[in-house]
Amino acid sequence: MTILVQYFGMLPDKLGRGTEDFHFDGQLTVGQLRQSLAVKYPVLGKIDYKVAIGQTVAQSEDIIEEGQNVAVLPPYAGG
Amino acid sequence: MIELQKSYWVEGPIESDQAADLIAKVGEFDQIGGIDIFLGQIRADAVNGSEVTGIEYSAHKPMAEAAFDQVKQNAFQSFSDVQSVVILHSLGLVEVGGLSLLVLVAAGHRDAAFKCCRQVVEEIKAQVPIWKKEYLQEGHSWVGDPDRT
């Protein structure tokens, strides 16, 4: 299955891209996506980021469905 | 509850006229006795030995708008005397000295206005997905970047 991952804040600068398609076989959890991201982008190991599915911050055990939009959100800095 | 705003976002700096317009609007409601306003202004910090000249704001807009809604809901639940909460936040570039955040709380009395305004500002900083890219005299730097020295 394919999911669209969108990077926010400093991440497009750090990773060299703002969005990316990820392809997986079988069921995918947020924790598994985090593991894939850690392998592909070691710099993420230094950043305390959140993962949102649609518009909701997700937990590691949450399942990502085919076609869902996923957002990777570094620490907030509004104001 | 009195709704005084149509959008949370301002492209570029928030102008002082916008604050003045809000104050005038609040004046139309005679149950309001205390108004507290917080204004966030861009400061010329030194970063990596270079001075900040401006900040560019970006956001996950749908999530940020839902978070702003929640912050306002929390405000009304926490302070029954609060009649209106206005939040304006900049997107895009705001130069040093410009305003990037306005929070206005209108209440029956000052105590709720003061306390609620503080709560709203702190919750915005902690809960709303907005990011800052600081432009420096030389280069730029992201607030929260772990590689920043």
Side-chain angles (χ1 to χ4, degrees), chain A residues 3-22 29-31 33-79, chain B residues 8-10 14 38-43 45 47 52 55-71 87-91 94 99-103 117-118 120-135 139-149:
Chain A
I3 59 167
L4 176 67
V5 176
Q6 191 171 5
Y7 302 106
F8 286 86
M10 72 185 83
L11 297 182
D13 275 4
K14 293 277 184 193
L15 309 182
R17 64 190 66 205
T19 61
E20 184 170 20
D21 284 334
F22 271 79
T29 65
V30 169
L33 174 65
R34 282 180 171 276
Q35 289 171 5
S36 295
L37 288 169
V39 171
K40 188 168 186 179
Y41 301 114
V43 67
L44 285 175
K46 296 190 287 185
I47 299 170
D48 183 21
Y49 66 89
K50 295 182 171 76
V51 174
I53 302 173
Q55 296 177 28
T56 305
V57 173
Q59 305 304 313
S60 287
E61 64 274 16
D62 290 339
I63 294 169
I64 304 170
E65 306 285 353
E66 168 80 32
Q68 284 186 312
N69 288 352
V70 173
V72 180
L73 311 167
Y76 306 159
Chain B
Y8 292 117
W9 305 112
V10 174
I14 298 164
F38 174 85
L39 300 172
Q41 177 174 289
I42 306 301
R43 193 175 51 235
D45 280 346
V47 177
V52 171
I55 292 180
E56 185 176 68
Y57 289 90
S58 59
H60 186 308
K61 284 181 73 175
M63 285 187 71
E65 288 163 6
F68 281 138
D69 289 346
Q70 184 63 54
V71 168
I87 300 169
L88 295 178
H89 201 296
S90 291
L91 284 176
V94 183
L99 300 175
S100 60
L101 174 63
L102 179 152
V103 174
C117 191
R118 178 68 185 254
V120 168
V121 172
E122 299 302 334
E123 289 190 1
I124 288 169
K125 287 188 163 284
Q127 298 173 18
V128 183
I130 295 173
W131 297 278
K132 289 175 183 164
K133 183 179 186 178
E134 291 178 326
Y135 284 87
H140 69 265
S141 176
W142 285 93
V143 173
D145 186 342
D147 293 330
R148 181 158 132 170
T149 54

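All heavy atoms count here, side chains included; hydrogens, waters and symmetry mates do not.
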J.: If you round to the nearest 0.5 Å, how far is CG of A:Leu73 from CD1 of B:Ile130?
T.: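 With rounding to 0.5 Å, CD1 (B:Ile130) is 12.0 Å from CG (A:Leu73).
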J.: Checking A:Pro75 against chain B: side chain, backbone, both or neither under 4.5 Å from a heavy atom?
T.: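 Contact with chain B is through the backbone of A:Pro75 alone.
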J.: Where is the tightest heavy-atom contact between A:Gly78 and B:Lys125, given as atom of each residue plus distance?
T.: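 Closest pair (atom of A:Gly78, atom of B:Lys125, distance): O-NZ, 3.2 Å.
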J.: Checking A:Asp48 against chain B: side chain, backbone, both or neither under 4.5 Å from a heavy atom?
T.: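 For A:Asp48, there is no contact with chain B at all, as no heavy atom is under 4.5 Å.
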J.: Heavy-atom pairs under 4.5 Å with chain A: which of B:Pro129, B:Gly40, B:Ser58, B:Gly144 has the most?
T.: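 Among B:Pro129, B:Gly40, B:Ser58, B:Gly144, the one with the most close pairs to chain A is B:Pro129.
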J.: Could you tell me which portion of B:Val143 (side chain, backbone, both or neither) has an atom closer than 4.5 angstrom to a non-hydrogen atom of chain A?
T.: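 The answer is both parts of B:Val143.
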J.: For B:His89, is it the side chain, the backbone, both, or neither that has a heavy atom closer than 4.5 Å to a heavy atom of chain A?
T.: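 For B:His89, side-chain heavy atoms alone lie under 4.5 Å from chain A.
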J.: Tell me, for B:Ala67 versus chain A, whether the close heavy atoms (under 4.5 Å) come from the side chain, the backbone, both or neither.
T.: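 Interface part for B:Ala67: neither.
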J.: Does any heavy atom of chain B fall under 4.5 Å from the side chain of A:Lys14, the backbone, both, or neither of them?
T.: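 Contact with chain B involves the side chain of A:Lys14 alone.
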J.: What's the spacing between A:Phe8 CZ and B:Met63 CE if we round to 0.5 Å?
T.: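 A:Phe8 CZ to B:Met63 CE: 8.5 Å, rounded to 0.5 Å.
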J.: A:Tyr41: what forms a side-chain hydrogen bond (donor to acceptor under 3.5 Å, both in side chains) with it, not counting sequence neighbours?
T.: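 Applying side-chain hydrogen bond (donor to acceptor under 3.5 Å, both in side chains) to A:Tyr41 gives A:Arg17, A:Glu20.
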J.: B:Lys133 versus chain A, heavy atoms under 4.5 Å apart: side chain, backbone, both or neither?
T.: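 Only the side chain of B:Lys133 comes within 4.5 Å of chain A.
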J.: Need one label for B:Ala64: side chain, backbone, both or neither, based on atoms under 4.5 Å from any heavy atom in chain A.
T.: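 Neither part; nothing is under 4.5 Å.
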J.: Can you name the closest pair of heavy atoms from A:Gly79 and B:Ser100 and give their distance?
T.: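 Heavy atoms of A:Gly79 and B:Ser100 come nearest at O-OG, 3.7 Å.
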J.: Taking atom CE of A:Met10 and atom CZ of B:Arg148, what is their separation to the nearest 0.5 Å?
T.: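 One gets 9.5 Å once the value is rounded to the nearest 0.5 Å.
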J.: Tell me, out of B:Ile124, B:Val128, B:Leu101, who's got the most heavy-atom pairs with chain A below 4.5 Å.
T.: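 Of the options given, most contacts go to B:Val128.
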